[in-house]
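Below is one structure, written out as structure tokens, with a few remarks after it.
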Amino acid sequence: MFKIYGTDANNQIHAQETADLVAALRITQEMRDVGYTFVTMASENPDHVGKAGVDTIADGKTPDGHDYDWSKAGRAGKPRAGDRVITKKDF
């Protein structure tokens, strides 16, 4: 299910729903084309199970066995073996 919201010229909020992604994108574009502002689309995946993101870390591993070394201080964690590190000299 996709919900599309937009604000008209009178600051009234309008909403539409569709189950089809292509239709949702078309509606979003049509609303923008006629002058709606703050147009946005939201969806909920009914097949999603559990919390978004990694919700369990045990002994530094994710539930699927991958190493988990992300930290807020490093934002993206340290480079992993095989990662290409881009430096200023690459530009």
Side-chain angles (χ1 to χ4, degrees):
M1 176 61 67
F2 298 92
K3 295 188 179 188
I4 303 97
Y5 302 96
T7 305
D8 68 14
N10 297 318
N11 289 325
Q12 297 297 311
I13 298 170
H14 298 267
Q16 293 186 46
E17 294 182 2
T18 181
D20 180 54
L21 176 60
V22 174
L25 292 170
R26 181 185 45 75
I27 293 166
T28 301
Q29 187 60 49
E30 288 172 355
M31 290 175 81
R32 288 184 177 131
D33 290 345
V34 297
Y36 282 73
T37 57
F38 300 103
V39 178
T40 188
M41 180 175 67
S43 68
E44 185 68 36
N45 184 348
D47 298 324
H48 184 78
V49 177
K51 297 177 185 176
V54 177
D55 61 357
T56 304
I57 301 298
D59 299 322
K61 302 272 186 196
T62 61
D64 59 2
H66 289 94
D67 290 332
Y68 186 83
D69 59 2
W70 186 90
S71 71
K72 188 170 184 178
R75 293 290 183 225
K78 64 183 180 182
R80 295 183 177 96
D83 283 354
R84 180 170 180 257
V85 179
I86 298 173
T87 63
K88 285 187 176 182
K89 68 180 182 178
D90 294 325
F91 294 102

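In this chain, residues are counted from 1 in sequence order.
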For Glu17 and Met1, what are the C-alpha separation, side-chain angles and deciding distance, and is it a side chain to side chain contact (heavy atoms under 4.5 Å, CB included)? CA-CA 7 Å; Glu17 294 182 2; Met1 176 61 67; 3.7 Å; yes
Under the criterion side chain to side chain contact (heavy atoms under 4.5 Å, CB included), I'd like the reasoning laid out for Ile4 against Thr18: C-alpha separation, chi angles, the key distance, then a yes or no. CA-CA 8 Å; Ile4 303 97; Thr18 181; 4.2 Å; yes
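- In this structure, the side chain of Asp8 engages the main chain of Asn10 through a donor-acceptor pair within 3.5 Å.
- By the rule that hydrophobic residues join a cluster once side-chain heavy atoms approach within less than 4.5 Å of another member, Val34 and Ile13 end up as members of separate clusters.
- Between Leu21 and Met41, the shortest heavy-atom distance links the atoms CD1-CE, 4.2 Å.
- Counting non-hydrogen atoms of neighbouring residues, nucleotides and ligands closer than 6.0 angstrom, the NZ atom of Lys61 exceeds 12 such neighbours.
- For Asp64 and Thr62, the side-chain atoms include at least one donor-acceptor pair closer than 3.5 Å.
- The nearest pair of heavy atoms linking Phe2 to Ala24 is CB-CB, 3.7 Å.
- No continuous path of ILVMFWY side-chain contacts below 4.5 Å connects Ile27 to Tyr5, so the two sit in separate hydrophobic clusters.
- The minimum heavy-atom distance between Gln12 and His14, with the atom names listed, is O-CD2, 3.2 Å.
- When each of Arg32, Arg26, Glu30 is tested with Thr28 by the rule side-chain contact (heavy atoms from CB on, under 4.5 Å), just one qualifies, namely Arg32.
- In the hydrophobic clustering of ILVMFWY residues, with side-chain heavy atoms under 4.5 Å counting as a link, Met31 and Leu25 come out together.
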